Amino acid sequence: MIELKNKEQLDRMRTASRIVAEVLEIMKEMVKPGVTTEQLDRSAEQHILKYGALPAFKGYNGFPATLCTSVNEEVVHGIPGLRALRNGDIISIDCGAIYDGYVGDSAITLPVGEISEECYKLLAVCEESLKLGIVKARKGNRLFDISHTVQSYVEKNGMSVVRDYVGHGIGRRMHEEPQIPNFGKPGRGPRLEIGMALAIEPMVNLGGYQVESLEDGWTVVTKDRRASAHFEHTVAITENGPEILTRI
Ligand code: MG
Ligand code: MG
C-alpha cells in the first residue's frame with residue numbers, strides 16, 4: 001500500500017529534506033582534488049546532528065556511514081574512506097536524514113576539478129532526466145510515466161539506465177512502496193495521488209546498464225567499469241503539482 005502523507009507529515013519531511021539539501025550544498029563546496037570521502041562524511045554527519053536529526057543511512061542494514069560516496073564507475077552505495085578525490089573524478093554523494101521520525105533522501109553527482117567532456121555530458125543528462133521525471137509526478141499520471149520519461153531521455157542521449165536499483169516511496173521509512181524504476185512503459189503502474197512522497201533517483205551509465213557488487217558487500221559498480229552518475233530528489237505530489245522537498 002502506498003501511504004499518503006497529510007500536511008503535518010509533509011512538514012516534517014520538508015525539514016528532514018531541507019537538512020539533506022544543506023548537506024549537499026556543503027558537499028559542493030568541499031569536493032575538490034585531495035579531499036577524502038571520509039572527510040566529506042564527517043562534515044555531513046556533523047551538519048545533520050546539529051539539527052538534532054539523524055543520518056538515515058548509518059546502521060541501515062549495517063551500512064557504516066552517513067553518506068554513500070560513489071566515485072567514477074561506482075554507481076551507488078560506495079563507503080566513505082581514506083580515498084582522496086583526484087582531478088577528473090566524478091563523485092556521487094547520496095544522503096538521507098531523519099527528522100522527527102520522517103526521512104528525506106537526495107543525491108547529486110559532482111565533478112572533481114576538470115572532468116572529461118563525456119563525463120560532463122553524463123552528469124548533465126542524468127540531472128536533466130531527473131528534472132523531466134519530476135515533471136510527471138503529478139496527480140492523475142501513472143507511476144511509470146516518470147520511469148518512461150527518465151529512460152527515454154537517457155537512451156536518446158546514448159546512455160543507459162540502471163535496472164537493478166530503483167527509486168522508492170519515502171516517509172516514516174526510507175524505503176516505502178512503490179518502487180520507482182527508471183525504465184518502463186508509460187500509462188502503467190499505480191495512479192499518482194496527492195500526498196504521495198517519492199524519492200526519484202535515476203542512475204545513469206555511460207556504457208551498458210549492467211552492474212555488479214564489489215566484495216565489500218556494498219559498493220555497486222558498472223560491469224564495463226565505465227562511469228556512472230546518480231541524482232535524486234524527494235518529491236511530494238501536491239495540488240499544485242510536484243514539490244521538490246530536498247531543495248533549499
Ligand atoms: Mg538516496
Ligand atoms: Mg533513495
Side-chain angles (χ1 to χ4, degrees), residues 2-3 5 13-28 31 37 40-41 44-45 47-48 53-71 74-80 90-99 102-110 123 126-127 129-131 133-134 137 143 146-147 150 161-183 196-205 211 213 218-220 228-237 242-248:
I2 304 175
E3 191 195 64
K5 278 77 185 177
M13 290 188 68
R14 280 188 186 97
T15 306
S17 296
R18 200 197 60 234
I19 294 167
V20 171
E22 286 178 9
V23 167
L24 295 181
E25 286 302 313
I26 293 167
M27 295 299 115
K28 288 178 191 170
V31 163
T37 50
L40 301 176
D41 190 68
E45 179 164 14
H47 192 75
I48 290 169
L54 290 170
F57 299 171
K58 204 168 193 176
Y60 189 89
N61 293 330
F63 189 78
T66 293
L67 300 177
C68 296
T69 53
S70 309
V71 181
E74 296 172 357
V75 180
V76 286
H77 306 161
I79 302 172
I90 59 170
I91 179 171
S92 299
I93 300 178
D94 195 346
C95 182
I98 308 170
Y99 181 83
Y102 285 80
V103 187
D105 186 10
S106 183
I108 47 171
T109 304
L110 296 169
L123 269 49
C126 186
E127 187 169 20
S129 76
L130 172 59
K131 281 187 191 158
I134 289 171
L143 186 72
I146 300 172
S147 315
V150 169
V161 289
V162 171
R163 263 67 161 168
D164 293 8
Y165 297 86
V166 297
H168 48 93
I170 181 166
R172 244 183 291 258
R173 286 174 295 121
M174 184 157 61
H175 295 129
E176 300 186 349
E177 287 182 46
Q179 293 200 346
I180 311 171
N182 295 299
F183 57 95
M196 286 183 180
L198 308 174
I200 305 172
E201 50 179 317
M203 288 146 264
V204 175
N205 297 348
V211 299
S213 290
W218 283 106
T219 313
V220 176
S228 183
H230 180 207
F231 282 83
E232 173 179 28
H233 272 307
T234 296
V235 177
I237 299 178
E243 178 188 341
I244 299 176
L245 304 184
T246 39
R247 192 156 70 177
I248 294 173

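Just so you know, ligand 1 is whichever comes first in the structure, and atom 1 is the first atom listed for that ligand. The shown structure was predicted, so the numbers you read here are calculated from the model rather than taken from an experiment.
Taking each heavy atom of Asp105 and Phe57 in turn, the nearest pair found is OD1-CZ, 3.6 Å.
Listed by chain and residue number, Asp94, His230, Glu232 satisfy the side-chain contact (heavy atoms from CB on, under 4.5 Å) test with Ala107 (two or more places apart in sequence, or in another chain).
Under 2.8 Å from the Mg ion (ligand 2) lies an N/O/S atom of His168, whether from backbone or side chain.
Residues Ser92 and Thr109 bring a donor and an acceptor atom of their side chains to less than 3.5 Å of each other.
By the 4.5 Å heavy-atom criterion applied to side chains, Ile200 and Leu130 are counted as neighbours. You'll find the side chain of Asp41 stays beyond 4.5 Å of the side chain of Thr69, heavy atoms only.
Around CZ of Phe183, the count of heavy atoms belonging to other residues, nucleotides or ligands within 6.0 Å exceeds 12.
For the Mg ion (ligand 1), protein N, O or S atoms closer than 2.8 Å were enumerated as Asp94 OD1, Asp94 OD2, Asp105 OD1, Glu232 OE1, with waters left out.
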